[in-house]
Structures are given as structure tokens and as C-alpha cells.
Protein chains: 2
Amino acid sequence: MPAPRPPSAEKPGTLAKPARSRIQQRNRQRILDAALEVFSNHGFRGATLDQIAAEAGLSKPNLLYYFDSKETVHRALLTRLLDDWLAPLRKLDPSGAPDVEILSYMHRKLEMSRAYPRESRLFANEILQGAPRLEGFISTELRALVDEKASVIAAWARAGRIAPIDPHHLIFSIWALTQHYADFTAQIDMIRGPGHDPFEGAGAFLDHLYKRLLAP
Amino acid sequence: MPAPRPPSAEKPGTLAKPARSRIQQRNRQRILDAALEVFSNHGFRGATLDQIAAEAGLSKPNLLYYFDSKETVHRALLTRLLDDWLAPLRKLDPSGAPDVEILSYMHRKLEMSRAYPRESRLFANEILQGAPRLEGFISTELRALVDEKASVIAAWARAGRIAPIDPHHLIFSIWALTQHYADFTAQIDMIRGPGHDPFEGAGAFLDHLYKRLLAP
DNA sequence: AAGCTTCTTGACTGAATGGTCAAAGTTGAT
DNA sequence: ATCAACTTTGACCATTCAGTCAAGAAGCTT
């Protein structure tokens, strides 16, 4: 028989993690890290396998031994990310204090942008180009989660526990404001000059903004 | 609110280039329109000259008769845009009423996003990738304008005419919130389902948000 | 150490893509 | 109508890029 089966693709149906050698673990990790770096800076089409391979310290054929195609690497990256992406909103607790819950959500999201700007840019790149590879995720899981939490917020507003605002727009505004600091870092840096943390003052500003917006 | 002025066509007065025939005018315009469509949806590297030429209804060599290279088309597009991009902030009047001025600026920017989402995405694409082709513009003209208007806002705040807020973050927040509706249209559409204008309710929401934020 | 499996790579391939060029077609002023 | 300048294009070129392949190197297990 020709080439041994590359163990790259996740086998549907079977266990998600068939035992992998240390080498596989290490190299898959390296590849995903390198791919995150490259995809987040250049978008899907702008990224090349050679770049990713070089960044990962592997040869291109070696990279393709671990992942069947560029597409596969990209999907693996997104998949690895989606759960973490939903986590902050998932934690919004209907039984908590409305203002605290919403403020906490905003701060979690901001912290996410600060800690994982590359992931944020990867997302932004995808959505800018029409979200072809995220359509399933967004219009099912994300949409369901947003609708669920939006109705929680709407109930809070109806009960007069926060100001009456459109919950969808509230959520969109949190996304816009927090992700902006990660996605537009280049612009912020150029405007404020070097030597500034792009997130400097962002937490305090957004805290103030949402406290004012939500006060009943 | 009146629609903002469309992105400027050609500089009529001084010419670095000799008078252009009607054919040139028409075809250059077609190419730039096509290029805007393609670049804004796929980014610089993701766009191809064949795509742009097809969209413009020209052959690729014919396109290259009007612009020397892909790079040249792209630069022409950006150049055509930069002035219009600054216009809304330029209009912020130091002698006006602070809240009215800032609110008006926000609405102008939102209207810009609504009317020219492709231009907004073109910008977003550039900045996401580190703004290599916008570095000059951002760190000189845009920066100077932002600093100028930020100090106007800071003065208003010191005088107690609006709430004490960080003017840079205020400006960033306006950019983030208004451009989000243009840049992340794909996501908003998928979450709210089809048949919704992504900007629906945005004006009212943002109006409310900034009124609350700015009240002294 | 033997023998099997897993990794790695140099050399390719075919398709895209940015860009060139000379020749052909079109336009417009005289 | 003529002719020179302007416009258009088919054919072509060099490079880049995703992906293949067969053979060799390195690990593991006994």
C-alpha cells in the first residue's frame, strides 16, 4: 500500500481524540498557533501554507501530513475557538443582579479581546468577508444564545431593573466596543503613538458608559 | 438626516494628469467601482484582477491600461476615500453646543456606514491587516484631526458642559459602534434573520446611549 | 538489533494570478 | 476620407501557491 494514512482529519462519529503521539500533539499545536498568527493577520486567502509552515518551523509537506488542506487547518482553528467565544455570554446569569451581570459580561469580553486579539481578528476577518465559514455557527448556536440572553435582558428592562433598551443592540454594542480594541489596534496605536497599551483606559471608559446606559 | 456627500469623484482643478477623454473617465470610474466591490469583500490579497476586470466589464489587459498594477488600483481607491472619511469629524464645531455636536458627529458617522458599507469594510480590511497602506494617513492627518477634536471635547468636559469622559475613548467608541453595523453586517443579519435592515433601531439606540453618556 | 510504524522532505504538478506585448480596432480632429 | 493618437485584446510569460508522491529518517516495541 502507498502512503500510510495521515491521521489528520477528525474522524466523524468516533472519539474526538484518538490517542496521539507526543510528536503529533506538539506539531498540531505548533501548526495551529502559526496558522492563528498568519490567518489573523492576512485573512484566509491572504495566508499561504508556506508562511504557516515556516512560522511553525515545519516544511509544507510536513504540515500537510497533519492537516489535509489549508481549509482544514482553518476549520480546526475556528472550531477550537467557537466554544471559548460563546463562554462569556453563556455566563450571563438570569438570576443575578442585572447591572452587575451585564457589566461583568462586558468586562469578560474586553478581557477576551485583550488576551486573545489574534482570535478576535481571525473572527473579524471571517465576518468581514461574509462569514462563509461561520454561517452554520452564527445562525444556529450563536443566534440561539443571543436570543436567549436578549430575552433575559428584555425581562430585566420590562421589570424596570435596568433602563429600557433594545437588548440586541445592547449586545451588539458590547461586541463592537470590546472587539474594536483588538481588531483596530493598528489604528489606535498610530493615533495614540507608540508606547501606549491600546487597552489603556478602555475598561474604565466602558464601565462608566454602561453604568450610565443601564441605570433605570 | 440628509445623505452625506458621495465619495469624491475626481479632483477637477489641478491635474497631475492631462485632460482625460470621456472613455477614460468612464472606464476609470467603472474600474474603481468594481474594485471597491471586490476589495471590500475579499481584502487586498484575496481580490484578483480578473474578478475586478469582470465586474467592471473589461478585459484584464484593458484594466491594466488604465491602472499600472493591482496596487495602483487599490491606492487610487483609498486616496479617493480618505477625505470623505475625515469629513464627519471635521465638521465637529468647537463653537456649537457640545451634546448636539457630538451627537451629530455620531449620526453622520452612522449614516456614512449605512450609505457606504463597502468603503467601511475596505477600511476595516486594511486596518485589520496592520494598516500597511494607511500608515501615513492615520499617523499624520487622522491623528492630528483626532487630537484637535479631542482637545475640544476635553475642554467641554472641563467646563462641565458634558460629563467628564476621556475624549479619545469617546471618539473610538463612536467609530466602533457606527462601523460595526457596516463591517459586521453579515453577523447581524444571521443573528436577526433575513428581512431585517441591519441598521434598524441602531440610530435610536446610539442616540439614547450617547445622550446618557454625555449628560453632565 | 530487527522490524514495523510514524515522521519528514526534496522534487514535482497543475492551476491561478499579476503583468507584458504587439497587433488590431476605434475615435476624432483636420 | 485620412491619419495619428487612443483603446482593446488574444496570446503569452514568470511566479506563486495548494497539494502530491515516493523515498528516506527517526521512533517504538519486542
Side-chain angles (χ1 to χ4, degrees), chain A residues 1-11 17-35 37-39 41-78 125 129 132-133, chain B residues 10 15 17-35 37-39 41-78 129 132-133:
Chain A
M1 270 297 285
R5 269 184 78 93
S8 54
E10 306 274 342
K11 297 192 181 180
K17 305 228 169 180
R20 283 177 188 144
S21 74
R22 265 199 305 296
I23 294 178
Q24 284 226 10
Q25 294 260 346
R26 174 174 56 83
N27 283 351
R28 283 182 157 257
Q29 194 54 48
R30 279 191 189 173
I31 290 168
L32 289 178
D33 287 349
E37 182 69 26
V38 177
F39 280 134
N41 283 328
H42 302 285
F44 181 76
R45 291 204 54 185
T48 73
L49 286 181
D50 292 284
Q51 254 180 302
I52 297 173
E55 180 88 19
L58 300 174
S59 65
K60 183 169 60 170
N62 201 8
L63 185 158
L64 285 164
Y65 171 76
Y66 291 101
F67 293 91
D68 289 342
S69 66
K70 186 181 179 182
E71 183 67 40
T72 307
V73 181
H74 193 260
R75 235 200 317 272
L77 252 193
L78 285 180
N125 256 308
Q129 330 219 323
R133 292 164 245 272
Chain B
E10 292 283 329
L15 339 144
K17 308 227 170 176
R20 285 175 187 148
S21 71
R22 258 199 302 300
I23 293 180
Q24 283 227 10
Q25 294 258 347
R26 175 173 56 85
N27 283 350
R28 283 182 161 259
Q29 193 54 51
R30 279 191 189 174
I31 291 167
L32 289 178
D33 287 348
E37 181 68 26
V38 176
F39 280 133
N41 284 327
H42 301 286
F44 181 78
R45 294 202 54 185
T48 74
L49 286 181
D50 292 283
Q51 255 181 302
I52 298 172
E55 180 88 18
L58 300 174
S59 66
K60 183 169 58 171
N62 201 9
L63 185 158
L64 285 164
Y65 170 75
Y66 290 101
F67 293 90
D68 290 341
S69 66
K70 186 180 177 181
E71 183 68 38
T72 307
V73 181
H74 192 259
R75 234 199 318 273
L77 252 193
L78 285 181
Q129 326 214 328
R133 292 165 246 271

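Excluded from the calculations below are hydrogen atoms, water molecules and symmetry mates; all remaining heavy atoms, backbone and side chain alike, are included.
A pairwise comparison of heavy atoms in A:Leu64 and A:Asp68 identifies CD2-O, 3.7 Å as the closest pair. Pairing each heavy atom of A:Leu77 with each of A:Leu32, the nearest pair is CD2-O, 3.6 Å.
For the OP1/OP2 pair of C:dG18 and a distance below 4.0 Å, the side-chain nitrogens and oxygens of B:Arg45 include no atom meeting the criterion.
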I'd like to compare against my own output: the B/S/- annotation of nucleotides 6-15 of chain D with a strict under-4.0 Å heavy-atom distance to protein.
SBBBBB----

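The ring pair (Phe, Tyr, Trp, His ring centres under 6.0 Å) search around A:Phe44 returns A:Phe39, A:His74, not counting sequence neighbours. With sequence neighbours left out, B:Arg133 forms a salt bridge (Lys or Arg N to Asp or Glu O under 4.0 Å) with B:Glu71, B:Glu126. Not counting sequence neighbours, the partners of B:Glu37 by the salt bridge (Lys or Arg N to Asp or Glu O under 4.0 Å) test are B:Arg118.
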For residues 45-53 of chain A, which side-chain donor-acceptor pairs fall under 3.5 Å, sequence neighbours excluded?
from, atom 1, to, atom 2, distance (Å)
A:Arg45, NH1, B:Gly46, O, 2.9
A:Thr48, OG1, A:Gln51, N, 3.0
A:Gln51, OE1, A:Thr48, N, 3.3
A:Gln51, NE2, A:His42, NE2, 3.4

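With rounding to whole Å, B:His74 atom NE2 is found 18 Å from C:dG19 atom C1'. Between the NE2 atom of B:His42 and the P atom of C:dA16 there is a distance of 16 Å, given to the nearest Å.
A distance of 11.0 Å separates OH in B:Tyr66 from CD in B:Gln25, rounded to the nearest 0.5 Å.
Between B:Asp33 and B:Glu55 there is no side-chain heavy-atom pair separated by less than 4.5 Å.
Taking every heavy atom of residues 47-55 of chain A and every atom of DNA chain C, no pair lies under 4.0 Å.
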